[in-house]
**Student:** 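Please find one structure pasted underneath; my questions will follow.
Each chain gets a letter, A, B and so on, in the order the sequences are listed, and its residues count up from 1.
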Amino acid sequence: MLGLTLKEVSLAFREGRISPTELCRKCLNRIKKTQRLNAYITVTEEFALKQARQSEARLLQGVPKGPLDGIPFAVKDNFCTANIRTTCASKMLKDYTPPYNATVVQKLLDQGAVLMGKTNMDEFAMGAGSTDGAFGPVRNPWSYAASYRTQAGSASDSDWVITGGSSGGSAAAVASCTSYLALGSDTGGSTRNPGALCGVVALKPTYGLVSRHGLIPLVNSMDVPGIITRSVSDAAVALGVLQGADVRDSTTVPAPSALTELPEDFDVRNICVGIPKEYHAPGLSEETRAQWSRVADLFEKAGARVEQVSLPHTQHSIVCYHVLCHAEVASNMARFDGLEYGHRSEMKSSTEVMYASTRHEGFNDVVRGRILSGNYFLLKQNYQHYFVKAQKVRRLIANDFRDVFGSGVDVLLTPTTLSDAACYHDFTQEDNRTRSAQEDVFTQPANMAGLPAVSVPTALSQRGLPIGLQLIGPALEDKKLLCVARWVEQNVGFPSISDCENTQESRKDPGATRREQASAV
Amino acid sequence: MTKMLAFQTLRVVSLEILGSPCNLLANNVYSITKRCSLRSLQSQILRPLSSHQHNPKVPKVPTWEPVPEEQLPQPTRIPADLVDKLERLALVDFRTKQGLECLEKAIRFADQLHVVDTSGVEPMDSVLEDRALYLRDDTVTEGDCAEELLKLARNTVEEYFVAPPGNIPLPKREERAAILRHSEF
């Protein structure tokens with residue numbers, strides 16, 4: 001039951017095979033069982049059960065609100081949720097309870113979806129591993145799947161792998177079947193990166209298609225709420241609900257067309273797939289390259305046109321992103337001074353001392369480092385040299401994409417990450433900034449240009465961990481992008497995590513009934 | 001490591017992530033485990049990898065060209081008074097020498113931007129620059145939530161947020177370091 005798609009669950013509800021409250025309880029139990037993943041910062045048990053009961057009442061009366069009625073979902077902890085603690089995994093907002101819901105959260109709640117909790121992340125969404133939050137790192141559920149464990153050999157717990165970041169908790173929640181849908185935020189790949197490493201579908205819609213009201217901002221010109229699900233058609237359902245202009249977010253644009261379901265008449269032979277040659281960056285693992293090649297072959301064999309294309313400024317994209325990100329972060333983090341919300345220091349000799357010590361106490365090294373370099377790039381003496389230069393390079397990158405899509409390419413196929421998930425011990429050998437610069441290489445160009453991109457899991461690596469590939473489409477053509485993604489999903493045969501579940505573990509579980517044991521896997 | 005090309009570090013470190021247990025560059029034969037059911041599942045998944053022919057449109061080797069050191073400007077060293085200025089502007093301290101090194105590395109990384117030719121290119125503020133954003137009517141539709149918002153702050157009096165005395169400049173660096181040491185969270 002927990003491994004089904006949204007449509008299948010909706011059907012199960014209508015046929016009375018399970019009720020929303022039962023499903024909610026199952027998910028809550030699963031959250032308790034998978035606590036070692038540390039995917040959730042706050043689990044909203046009471047609230048979830050209340051919503052589930054309301055959904056059940058609607059079902060019994062025959063008036064469900066839509067495809068998401070009664071569906072458990074999770075939200076990354078940088079989206080504001082009314083009366084539910086929102087921390088951004090930071091000491092600064094440790095006890096902050098927003099008085100309002102983010103627009104995307106409100107839209108899901110209005111559809112009757114059931115909020116399971118707020119998921120763990122990197123502090124203020126800065127990072128590529130979900131290892132630097134104030135509530136501890138998130139563990140990848142695949143660390144405990146038999147496909148990885150048989151390789152790792154020992155039963156020891158010390159070689160668990162990271163989820164990727166910064167929406168690691170959301171990806172882990174969906175991958176471990178504790179929720180069917182999770183919201184993440186994507187600034188430089190923060191949704192697609194953990195999506196690929198956790199073997200789930202991760203969509204970053206076009207910039208402006210989904211409202212950012214209520215999303216605690218990182219980089220205003222690149223942030224987009226991301227959607228994480230276990231199948232592409234689920235992501236389409238979620239996008240259909242979330243897309244659209246919002247009066248509260250002036251950077252939203254009206255959705256190009258309503259999206260309830262992906263069209264069935266999609267023919268891959270009409271598609272031209274571009275392979276940007278600059279996306280073979282140094283450090284790309286052999287296996288990921290092999291998967292890239294394999295999917296390109298799948299497209300060709302099915303009759304699609306596959307061409308190699310060039311995005312010449314790709315190599316500099318990560319540097320440009322680095323500068324713009326730090327500059328905007330310096331500006332966005334200025335609001336945290338302890339005066340109106342959040343942590344406030346006890347120092348009170350002067351306003352400036354209070355601000356400085358509040359920020360010293362509330363932010364970790366990563367955030368402070370970015371604020372400082374952002375301020376450096378924005379100094380009057382450096383403004384033209386770094387910030388404006390980066391903005392010019394940004395235009396060159398956006399133009400590259402525009403030229404490629406203008407020449408007849410419908411979608412670009414690229415890797416999402418350099419390799420499969422690293423184990424925590426290896427990942428933490430380098431600092432956050434270095435890792436972000438390495439891991440965000442393939443994902444941030446789409447953010448720079450504001451284009452939609454989706455990561456689809458394609459296969460398991462030799463270590464038994466997921467590898468995902470990324471598809472990038474032209475602006476506002478999210479529907480077509482998802483059609484192509486669905487085709488890839490249907491043709492690569494990626495195993496679900498329950499196939500690779502450690503059967504020894506589920507047999508040992510004393511609490512589960514026989515029926516639950518059989519259906520849990 | 002005298003002639004350290006910018007992207008070699010990237011490549012070396014990334015390969016280290018892959019670690020010793022995974023012998024990715026060796027033969028593609030998957031070692032069979034003793035678990036029978038798992039074996040069939042995994043050989044099903046991994047068989048495509050081992051018998052796969054490489055698609056010529058996917059580049060076989062990295063296509064990035066390392067940026068040579070000579071093309072970059074001189075490495076920036078941040079003088080003490082600039083450190084001070086940054087700490088006052090950002091109201092965030094470097095905490096340790098490592099913090100300063102991190103900043104210098106970040107600047108070095110950003111220096112690579114200068115090899116890109118941007119003559120005649122306009123800076124891009126936003127990807128939505130080619131459209132007019134929606135403007136709503138200038139009427140009040142919500143608000144009146146002062147109480148709720150005041151509840152979020154630690155120190156309030158009636159409808160005011162209370163701040164410590166302003167107009168006092170931030171103390172000098174040494175004093176600041178002493179103050180901050182006391183305020184460890």
**Student:** Any donor and acceptor pair, going by atom type alone, linking the side chain of Lys105(B) with main-chain N or O of Thr434(A) inside 3.5 Å?
**Tutor:**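 No, the answer is negative, given that no donor and acceptor are paired below the 3.5 Å cut-off.
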**Student:** Of the listed residues (Asp111(B), Leu135(B), Thr156(B)), which shares the most heavy-atom pairs with chain A below a 4.5 Å separation?
**Tutor:** Asp111(B)
**Student:** Give the intermediate values and the outcome of side chain to side chain contact (heavy atoms under 4.5 Å, CB included) for residues Gln391(A) and Asp125(B).
**Tutor:** CA-CA 7 Å; Gln391(A) 287 189 312; Asp125(B) 291 315; 2.9 Å; yes
**Student:** Using a 4.5 angstrom heavy-atom cutoff, name the option from Leu113(B), Ile78(B), Leu89(B) with the most pairs to chain A.
**Tutor:**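 Among the listed options, the one with the most contacts to chain A is Leu113(B).
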**Student:** Do the side chains of Glu129(B) and Arg395(A) get nearer than 4.5 Å, heavy atoms only?
**Tutor:**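 Arg395(A) reaches Glu129(B) side chain to side chain.
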**Student:** With chain B, which of Lys348(A), Gln308(A), Arg344(A) has the greatest number of heavy-atom pairs at distances under 4.5 Å?
**Tutor:** Arg344(A)
**Student:** Only pairs of heavy atoms separated by less than 4.5 Å count here; which of Glu307(A), Glu300(A), His313(A), His425(A) has the most with chain B?
**Tutor:** Glu300(A)
**Student:** Rounded at 0.5 Å granularity, tell me how far CD1 in Ile107(B) sits from OH in Tyr376(A).
**Tutor:** 4.0 Å
**Student:** Show your working on side chain to side chain contact (heavy atoms under 4.5 Å, CB included) between Val116(B) and Val319(A) and close with a plain yes or no.
**Tutor:** CA-CA 11 Å; Val116(B) 185; Val319(A) 184; over 6 Å; no
**Student:** Inspect the surroundings of CD in Gln381(A) and state if more than 12 heavy atoms from other residues, nucleotides or ligands are less than 6.0 Å away.
**Tutor:** yes
**Student:** Side chain, backbone, both or neither: which part of Tyr96(A) has an atom under 4.5 Å from a heavy atom of chain B?
**Tutor:**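 Contact with chain B involves the side chain of Tyr96(A) alone.
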**Student:** Show, in sequence, the C-alpha distance, side-chain angles and deciding distance for Val127(B) and Ser221(A), and conclude whether the side chain to side chain contact (heavy atoms under 4.5 Å, CB included) test is met.
**Tutor:** CA-CA 7 Å; Val127(B) 295; Ser221(A) 64; over 6 Å; no
**Student:** Quick check for you: to the nearest 0.5 Å, what is the distance between His322(A) atom NE2 and Gln112(B) atom CD?
**Tutor:**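 Between His322(A) NE2 and Gln112(B) CD, I get 9.0 Å after rounding to 0.5 Å.
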**Student:** For the residue pair Thr97(A) and Lys151(B), establish whether any side-chain heavy-atom pair is separated by less than 4.5 Å.
**Tutor:**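 No. Closest side-chain heavy atoms not under 4.5 Å.
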**Student:** Checking heavy atoms, do the side chain of Thr76(B), its backbone, both or neither come under 4.5 Å from chain A?
**Tutor:** side chain
**Student:** Shorter than 4.5 Å, heavy atoms on both sides: which option in Val115(B), Leu133(B), Asn155(B), Leu150(B) has the most such pairs with chain A?
**Tutor:** Asn155(B)
**Student:** Could you check Arg368(A), His360(A), Met333(A) and say which one makes a side-chain contact (heavy atoms from CB on, under 4.5 Å) with Val92(B)?
**Tutor:** Arg368(A)
**Student:** With only heavy atoms counted, which part of Val393(A) is less than 4.5 Å from chain B, the side chain, the backbone, both or neither?
**Tutor:**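 The answer is both parts of Val393(A).
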**Student:** Rounded to the nearest 0.5 Å, what separation is found between the CD atom of Gln98(B) and the CG atom of Asp431(A)?
**Tutor:**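 The distance works out to 8.0 Å.
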**Student:** What's the verdict on salt bridge (Lys or Arg N to Asp or Glu O under 4.0 Å) for Arg154(B) and Glu346(A), showing C-alpha distance, side-chain angles and the deciding distance?
**Tutor:** CA-CA 11 Å; Arg154(B) 277 261 200 110; Glu346(A) 298 300 332; 3.5 Å; yes
**Student:** Looking only at heavy atoms, what is the nearest atom pair of Ser293(A) and Val58(B), with distance?
**Tutor:** CA-CG2, 3.8 Å
**Student:** Can you tell which part of Ala330(A) gets under 4.5 Å to a heavy atom of chain B, answering side chain, backbone, both or neither?
**Tutor:**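 Neither part, no heavy atoms under 4.5 Å.
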**Student:** What distance do Leu86(B) atom CG and Leu379(A) atom CG have between them, rounded to the nearest 0.5 Å?
**Tutor:** 5.0 Å
**Student:** Specify which of Met222(A), Arg433(A), Arg370(A) makes the most heavy-atom pairs with chain B at under 4.5 Å.
**Tutor:** Arg433(A)
**Student:** Which atom pair, heavy atoms only, marks the closest approach of Ala281(A) to Pro62(B)?
**Tutor:**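 Minimum heavy-atom separation between Ala281(A) and Pro62(B): C-CB, 4.0 Å.
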**Student:** Once you measure the plane-to-plane angle for His114(B) and Tyr386(A), does it fall in the parallel (<30°), tilted (30-60°) or perpendicular (>60°) bin?
**Tutor:**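 Rings of His114(B) and Tyr386(A): perpendicular, over 60°.
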**Student:** Quick one, Tyr341(A) and Leu149(B) - any side-chain contact, counting heavy atoms below 4.5 Å?
**Tutor:** no
**Student:** Considering only heavy atoms, which portion of Ala449(A) lies under 4.5 Å from any heavy atom of chain B: side chain, backbone, both, or neither?
**Tutor:** backbone
**Student:** For residues 159-171 of chain B, give me every residue with a non-hydrogen atom less than 4.5 Å from any non-hydrogen atom of chain A.
**Tutor:** Phe161(B), Val162(B), Ala163(B), Pro164(B), Pro165(B), Gly166(B), Ile168(B), Leu170(B), Pro171(B)
**Student:** With a 4.5 Å cut-off on heavy-atom pairs, point out which of Arg394(A), Met448(A), Gln429(A) contacts chain B the most.
**Tutor:** Arg394(A)
**Student:** Go through Lys389(A), Met354(A), Lys277(A) and name the one with the most non-hydrogen pairs under 4.5 angstrom from chain B.
**Tutor:**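 Option with the greatest count: Lys389(A).
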**Student:** When heavy-atom pairs shorter than 4.5 Å are enumerated against chain B, which of Ile275(A), Leu372(A), Leu451(A), Leu339(A) gives the highest number?
**Tutor:** Leu372(A)
**Student:** Do other residues, nucleotides or ligands put more than 12 heavy atoms under 6.0 Å from Asp138(B) CG?
**Tutor:**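 For Asp138(B), atom CG is not crowded (no more than 12 foreign heavy atoms under 6.0 Å).
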**Student:** Distance from Asn382(A) atom CG to Leu82(B) atom CG, nearest 0.5 Å?
**Tutor:**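 Taking CG in Asn382(A) and CG in Leu82(B), the distance rounds to 8.0 Å.
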**Student:** Measuring from Leu298(A):CG to Asn55(B):CG, what's the distance to the nearest 0.5 Å?
**Tutor:** 10.0 Å
**Student:** Do Glu352(A) and Arg88(B) have side-chain heavy atoms sitting under 4.5 Å apart?
**Tutor:** no
**Student:** Quick check on Phe377(A) against chain B: is it the side chain, the backbone, both or neither that has a heavy atom closer than 4.5 Å?
**Tutor:** side chain
**Student:** Can you tell me which portion of Ala334(A) sits under 4.5 Å from chain B's heavy atoms? Options are side chain, backbone, both or neither.
**Tutor:** neither
**Student:** Give the minimum heavy-atom separation between Arg359(A) and Leu91(B), together with the two atoms involved.
**Tutor:** NE-O, 3.3 Å
**Student:** Among Glu148(B), Lys85(B), Lys60(B), single out the residue with the greatest number of heavy-atom pairs under 4.5 Å to chain A.
**Tutor:** Lys60(B)
